[in-house]
Amino acid sequence: MSEYDRIGIIFCDPPSGYTPVDLSDLIIFVRDNLKIPVIIDQPRYLFSDFHVLMETIRHHRLTSVILAGIRPERFRQIVRTAMTKLGYQAESVVIADFGDTWCVYESQVQNVYELLERVHSQVVDKRHQSSHIQQDTIVIGAGIAGIQASLEIANAGLKVYLIEKSGTIGGHMAKFDKTFPTLDCAACILTPKMVEVGQHPLIELMTCSEVVAVNGTPGHYKVTVRQSPRWVDVKSCIGCGTCSEKCPVKVSSEFDEGTTMRKAIYMPFPQAVPNKYLIDGEACRFIQEGKCGVCVKVCPVTGCINLYEVPREIEIEAGNIIVANGFKPFQASRIDRFGYGKYPNVLTSLEFERLINAAGPTGGEITFRTTDKKGNSVFVNDSGKPQKIGIIHCVGSRDENFNPYCSKVCCMYSLKLAHLVREKLPSAEIFEYFIDMRAFGKGYEEFYCRIQDEGVRMIRGKTARVDQIDGHLHLRTEDIIAGRMLEQDMDMIILSIGLEPADDQKKLSDILGIDVDEYGWFKAVRYEIDPVRTNRPGIWIAGVCQGPKDIPDSVVQASAAAAGVLQSIMSDRLTDSEVFPLTYMIN
Amino acid sequence: MISRVDPEFKQELHKYGLREWNECFHCGNCTAICPLTKDDNLFPRRGIRLAQMGLKKQLVSSVDPWLCYYCGECTETCPRNANPGELMMVLRRYLTSCYDWTGISRLFYTRKIWELAAIILIALGVIISFLVFLPPSPDLFSKPQAFINEQGGVMINSLANGISASRFVQLIEYGDLLMAILVAGFLISNIFHMFYRVILSDRNLKFPFYSYFTEFWSLIYNFVTQARFSKCDNRTYWIGHLLVMTGYTIMFTLIVAFLKEFQIEEIKPWYHWQRLLGYYSTFGILFFLIYTFIGRIRKTDLKMQFSHPSDWMFIVLLFFTAVTGILIHIFRVSGLPAATYFTYLIHLAFLVPMIVIEVPFSKWSHLAYRPFAVYFDRLRRAGQNRQSIVELTPAI
Ligand code: SF4
Ligand code: SF4
Ligand code: SF4
Ligand code: SF4
């Protein structure tokens, strides 16, 4: 704001029916204690003529106006219009509402003094607050939402630090085979975006990194990022894979949801960005026990693998932070009635997603899970094909004993999985057991009908338990529509697990100072009209971390968050109605 | 069939202990988890539905609530905490009051003060008639030795003034008989009423007449073994029921049918079959009582979380009957005639109302309704009449 900043206070007339009150004490207080230079008392004339109002404001060279009195809201619009016409921001009009009890002035006088003090100090503070806000942005989490938000901002020409906890960007979407309802190949949509992030000159990608502290003020955050070692230098690794070939340690692959094994030095998946190897410190023999080091010996680039690398902390200054840390899939073994973890062919939807993926453990064949000689459970190509597959909805969702909310995506992805099974095993019988079929999006209902037409049997009724009897998975469900109990034997069960806040959600909310809702999702201050703004200005949320949503919705929200960030940078100010309310009431 | 939906029905069920039912979103989990449902016995969910819609007629003609043994699994796993198991319990209370054509049961269930009043009234009646017909002998205090037999025990049948032992037993037997006739009369007519509502009033139901006989064994079998309970995971619950049911029945049979053999002056050695049966019954009843007492007070067990006043009434009466019964035995064996006489009196004052009130009108009646429900259910199945069952399922 300009240096010749002047605050004016207008004591408005009370609405008809209220007796006007003598304000002389109040005016003296405002003049002497608050040192407000311009005081206009009960200006009957002012609001009836827009031209007079404009002239008055111009004459007093007002840059901010406090409207005080009983329900001064009535005049906000006209004063605001005048102020904006004169080139000031809409927020330059602030309301100090004395409340209806103002007429009993005596009892309220102290409160009114306090109110005016509060309003005045906010208006003055705001003046001092506004220096240029930092232009760089931090995005936490590099799933589809984080990727989208980063690209939107970077493509507008601004710097983004993209902070990802794991070794690659891509998040959960990278694991999916197809997207619903269009059945597009998920990788075909995601990979180009990932590559773009990897190559973008304005996006600084930090993998294996976590935000550990946030200091500073809105618009000027100082963020401490802890970067764990990859032990492989991203710049010099040529991605030849020799190290991985020779590494003696095998552990189960997170990316494949444990359906395949990977080495301790590994590439998360072939399209990973950065497309470089990294070491899993917990599995690596050298890091755990100090012996091995094979990878260093075989690596053709000297100095590329450094087994002595240590974590480091970096401080980044940023004006805005977008949080897009995603979710955690519901842990199916928590419901022991479904036998997950006990019966090998009860799979979670994510495991099945990998199984059916052409890049998955069987190259896309649907086979049984068996135990190999070493006791690991594996999918092998010659174990036969399931002929009866049941998909159980709402596992862990819509259940007071677990998560009472609807996870929103599982109905649709279950239909998608049913379709993929139908494609690969045309003769298989497929059943979906649901409470309600939630197909609410564009094209979703049609998709549901299409899957029904493909011969997938829809059963309204929540399966209560799965038992393994003579090698079959025995299900008990009430078929509510038909009015009978169903006891069926299945070959394979897919549990449509829901979504839960990520493990680090609570910690992040503490570090960032943003609120979570009763279930632990981040809270948008006003979800209906401003779904990306948190209670802290300059911190935005996008994607599932705010609540379950599918890919299109996550992308939309990410773009909206990016719009908020860009707006704040372009207008060089952060507005937040919660932090700087425009209406003040007596407490 | 046209069904009248009655949204007010909820108010009525509140009196039978209903808490809430709006939580239920009809997912069917409860039916599917229930170890006792099969084919088209879709409880508890269908019961919830019928109740929510207020379809009383269909409710009364359904035996489903009796087929539920309240293992509580549905309640434990219900995704909406709708407590379906408790609703089955509420419906059983409701059905008990519907089967009872006199309306007494309804009165007792919905206004607990009436039940209490009736119990006190009957107890007073018992005490007064006992004192009138079998007044205490004045020698009880002055010459207690006169009532002691050669084993050193009290001669229980000689305590009344100027009444011979055989006359004493006879009078008690008359009383027994009167009670038995009353109870049996009410109970049998109630069961017939149940039969009418469940089987006869269903015009569509047709099954061969011989089914009445071929299915009869299920009635006996279920009564004796309480077998359906054993399907529940909680074995103690089943054993408790088995013990209390057999103990109670043995005692009942002994005092009603074999009083002459049972209540004799002589004190038999402890290994005599009569005493052993007596001990068994006492143990059975006590085991059950302690188990339920603890359960209902600590409320750790889901199914005992909510206790209707009628649940307590039944336990309390049974408790005092058992305790006074044990005391009589102790006083007798220790040779205390006066104490024996008065404890006997108090014992009757608990026993008679317990049987007269609880058996035909309140909680105890389930002992009869449950096996009959299985029997009727089998009869319905014998009819293979899916038609009527489909009609029972209103809009979903
Ligand atoms: S040092 Fe670690 S990563 Fe390298 S080969 Fe050995 S176990 Fe594998
Ligand atoms: S989306 Fe469907 S499966 Fe998932 S929680 Fe909601 S209703 Fe259940
Ligand atoms: S009572 Fe519970 S388990 Fe049963 S249908 Fe209703 S919500 Fe589902
Ligand atoms: S309490 Fe047990 S027996 Fe009764 S309906 Fe529920 S699951 Fe079935």
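Protein chains get the first letters and strands the later ones, always in sequence-line order, with residue 1 at the start of each.
- With hydrogens and angles ignored, the 3.5 Å screen pairs a side-chain donor or acceptor of B/S201 with a backbone N or O of B/Y196.
- Between B/F376 and B/F372, the ring planes are tilted. Angles from 30° to 60° get that label.
- In terms of non-hydrogen atom pairs under 4.5 Å with chain B, the most contact-rich of A/K462, A/M485, A/E487 is A/M485.
- Judged by distance alone, the side chain of B/R370 and the main-chain N or O of B/C68 form a donor-acceptor pair under 3.5 Å.
- Heavy atoms of B/C78 lying under 4.5 Å from chain A belong exclusively to its backbone.
- Between A/F330 and A/Y340, the ring center distance fails the sub-6.0 Å criterion.
- For B/C30, no part lies under 4.5 angstrom from a heavy atom of chain A.
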